[in-house]
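Below you'll find the structure, written out as structure tokens, and then a few comments.
Counting starts at 1 for both ligands and their atoms, in listed order. Please read all numbers here as calculations on a predicted model, not as lab measurements. Count residues from 1 along the sequence.
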Amino acid sequence: MIKGIFPLEKFKTLQTPFYYYDIDLLKKTLDIVKAESEKYNYHIHYAVKANANSRLLSIIAAYGFGADCVSGGEVQAALDAGFPSNKVVFAGVGKADWEINLGLDNDIFCFNVESAVELDIINELAAAKGKVASVALRINPEVDAHTHAKITTGMKENKFGINLSLLHGVLDKFSVLKNVKLIGVHFHIGSQITDMSSFQDLAIRLNDLQDKLEARGIIVENLNFGGGLGIDYYHPNHLAIPAFENYFSVFHRLLKLRPGQQVHFEPGRSIVGQCGSLISKVLYVKEGETKKFAVMDAGFTELIRPAMYDAYHRIENISSDGELEVYDVVGPICESSDVFGKDVELNKAHRGDLLAFRSAGAYGEVMASQYNCRQLPKAFFSDSL
Ligand code: LLP
């Protein structure tokens with residue numbers, strides 16, 4: 001079994017559970033994102049929701065990327081980390097007035113607007129400040145992302161975006177509303193998408209939409225395709241960096257751009273997913289009647305993805321070379337859904353062994369909670385242990 005390369009001796013001195021980030025891998029991933037996106041002059045806005053750890057944010061900001069935010073808190077975190085406000089995009093179906101005002105005060109690049117009523121409110125708040133807000137319409141393209149139902153966003157029945165059938169009504173509003181300016185269209189069809197045909201469908205859908213917009217005399221400057229590129233949860237060691245080359249080339253091949261149009265993406269998971277692991281200690285090896293349990297000191301409070309989306313995370317016993325045995329790996333939380341994996345093969349586990357839950361860099365730390373009055377764990381970084 002190939003194990004991640006972890007500084008075990010140092011880990012033994014740290015209080016578990018904790019998140020561990022491989023900064024070298026993060027930078028290698030960012031180098032590739034930069035090189036591949038620059039080939040086509042595509043713009044990258046890192047999706048802060050995937051991981052808002054301030055150290056990671058400042059590393060990503062230093063690459064010159066922008067930020068994709070879905071709350072006022074994320075806008076502030078992005079600005080604090082050094083993302084320039086003119087590269088911040090702000091999406092979300094429910095933006096509170098103070099959040100919109102924060103965006104207006106900082107002259108962010110764009111509000112990704114999800115409904116006609118939201119457009120009215122942004123117009124009203126911008127007018128009160130004597131400003132004109134740049135907006136992109138988030139359109140629900142009715143493209144199937146072929147991913148888990150809870151992370152699918154681009155279907156008619158999802159709450160996100162403006163339905164295609166309602167788009168013309170929203171476009172009509174721009175001739176009346178004087179404090180909003182249409183600068184683009186935005187899409188995000190879902191997350192952990194590994195089937196490139198979904199992105200092909202999205203690009204083709206955009207081409208159809210452009211024809212329709214053009215028929216109304218509208219050519220928008222910015223086309224934003226959101227995030228969604230998946231990672232390989234089964235092979236974090238062999239496939240540590242997602243296939244950004246294929247991903248961007250799908251859009252390059254299929255998009256029929258009008259002169260001067262700018263293309264934007266909002267990758268989250270694909271940038272930070274593989275560089276993070278959750279490190280947790282075996283509290284007990286509990287023998288059940290039919291099962292053997294590795295009872296961990298981390299639970300769904302530190303990594304909720306298995307409980308929430310039935311997600312698979314590779315689990316490695318980094319303390320043991322013993323024979324492989326089969327365990328249900330469970331947390332200490334008083335809920336039967338607090339299970340990381342059933343029938344998991346691990347090197348023989350003992351009390352005190354450290355287990356690594358791999359590919360936890362995205363939607364791990366950022367979704368942690370204090371349920372059961374637990375403390376939020378710390379994060380450590382490979383370059384500063
Ligand atoms: N842009 C928008 C508008 C989004 O809603 C999202 C993610 C992204 C970009 C980034 O998507 P990514 O590249 O990371 O797939 N907690 C779930 C994932 C929720 C994704 C929400 N939106 C999980 O753990 O799988």
Side-chain angles (χ1 to χ4, degrees), residues 29-30 33 37 42-52 56 60 65-71 74-75 78 88-95 109-115 118 136-141 143 145-155 158-162 184-196 198-199 202 223-233 241-244 247-248 264-276 278 300 302-313 340 357-369:
T29 308
L30 289 165
V33 175
S37 59
Y42 289 168
H43 304 273
I44 301 295
H45 306 265
Y46 165 65
V48 173
K49 67 182 75 65
N51 191 319
L56 301 198
I60 298 167
F65 298 139
D68 158 46
C69 303
V70 288
S71 71
E74 285 191 0
V75 170
V88 169
V89 297
F90 184 7
V93 280
K95 302 180 185 76
F109 175 64
C110 179
F111 291 87
N112 291 332
V113 167
E114 309 228 6
S115 63
E118 183 192 332
L137 294 181
R138 175 168 179 181
I139 295 163
N140 186 327
V143 168
H146 303 293
T147 185
H148 192 281
K150 283 192 183 160
I151 48 176
T152 290
T153 50
M155 302 292 279
N158 296 128
K159 69 177 177 179
F160 297 100
I162 297 165
V185 289
H186 173 239
F187 309 86
H188 172 75
I189 57 172
S191 199
Q192 185 51 20
I193 299 169
T194 49
D195 179 352
M196 286 297 137
S198 298
F199 295 121
L202 177 59
L223 310 172
N224 183 339
F225 294 96
L229 177 62
I231 63 173
D232 192 330
Y233 282 96
I241 302 180
F244 288 101
Y247 175 64
F248 292 128
H264 302 252
F265 294 91
E266 303 169 342
R269 185 191 317 263
S270 52
I271 290 184
V272 291
Q274 298 289 35
C275 76
L278 170 66
F300 70 47
E302 286 74 37
L303 182 63
I304 203 169
R305 304 193 68 260
M308 196 155 173
Y309 316 110
D310 299 317
Y312 171 85
H313 283 260
F340 289 111
F357 296 82
R358 306 294 307 278
S359 315
Y363 308 107
E365 182 175 4
V366 84
M367 292 180 83
S369 79

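Inclusion of Gly268 in the set of residues having an N or O under 3.5 Å from an N or O of ligand 1 is warranted. Every N/O-N/O distance between Gly190 and ligand 1 stays at or above 3.5 Å. Remark: ligand 1 and His186 share no N or O pair separated by less than 3.5 Å (distance only, no angle test). Considering backbone and side-chain N/O of Arg138, none are found under 3.5 Å from N/O of ligand 1.
Note that CG of Leu56 is 6.5 Å distant from OH of Tyr46, once rounded to the nearest 0.5 Å.
Listed by atom number, the atoms of ligand 1 under 4.0 Å from Arg305 heavy atoms are 23 (C), 24 (O), 25 (O). Residue Met367 has at least one heavy-atom neighbour below 4.0 Å for each of these atoms of ligand 1: 16 (N). When each atom of ligand 1 is checked for a heavy atom of Pro267 under 4.0 Å away, the hits are 13 (O).
Ring pair Phe187/Phe225 is parallel by interplanar angle, where below 30° counts as parallel and above 60° as perpendicular. Using a 30° and 60° split on the angle between ring planes, Phe265 and Phe248 fall in the perpendicular class, above 60°.
When the heavy atoms of Glu266, Met308, Lys49 are ranked by distance to atom 4 (C) of ligand 1, first place goes to Lys49.
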Before you tell me yes or no, could you show the steps for Arg305 and Asp310 under salt bridge (charged side-chain N to carboxylate O under 4.0 Å, His left out), namely the whole-Å CA-CA distance, both residues' side-chain angles and the distance that decides it to 0.1 Å?
CA-CA 7 Å; Arg305 304 193 68 260; Asp310 299 317; over 6 Å; no

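Taking the ring axis of Phe90 as reference, the NZ or CZ atom of Lys95 stays within 45° of it and closer than 6.0 Å to the ring centre.
Contacts between Asp68 and ligand 1, counted as non-hydrogen atom pairs separated by less than 4.0 Å, involve the side chain only.
Ligand 1 does not have Ala362 within reach: every non-hydrogen atom of the residue lies 4.0 Å or more from it. Residue contacts with ligand 1 do not include Ser270, since none of its heavy atoms lies under 4.0 Å from the ligand.
His186 and Glu114 share no donor-acceptor pair across their side chains, judged by distance under 3.5 Å alone.
Side-chain atoms of Gln274 come within 3.5 Å of backbone atoms of Asp232 as a donor-acceptor pair (strictly under, hydrogens ignored). A donor-acceptor contact shorter than 3.5 Å links the side chain of Arg138 to the backbone of His188.
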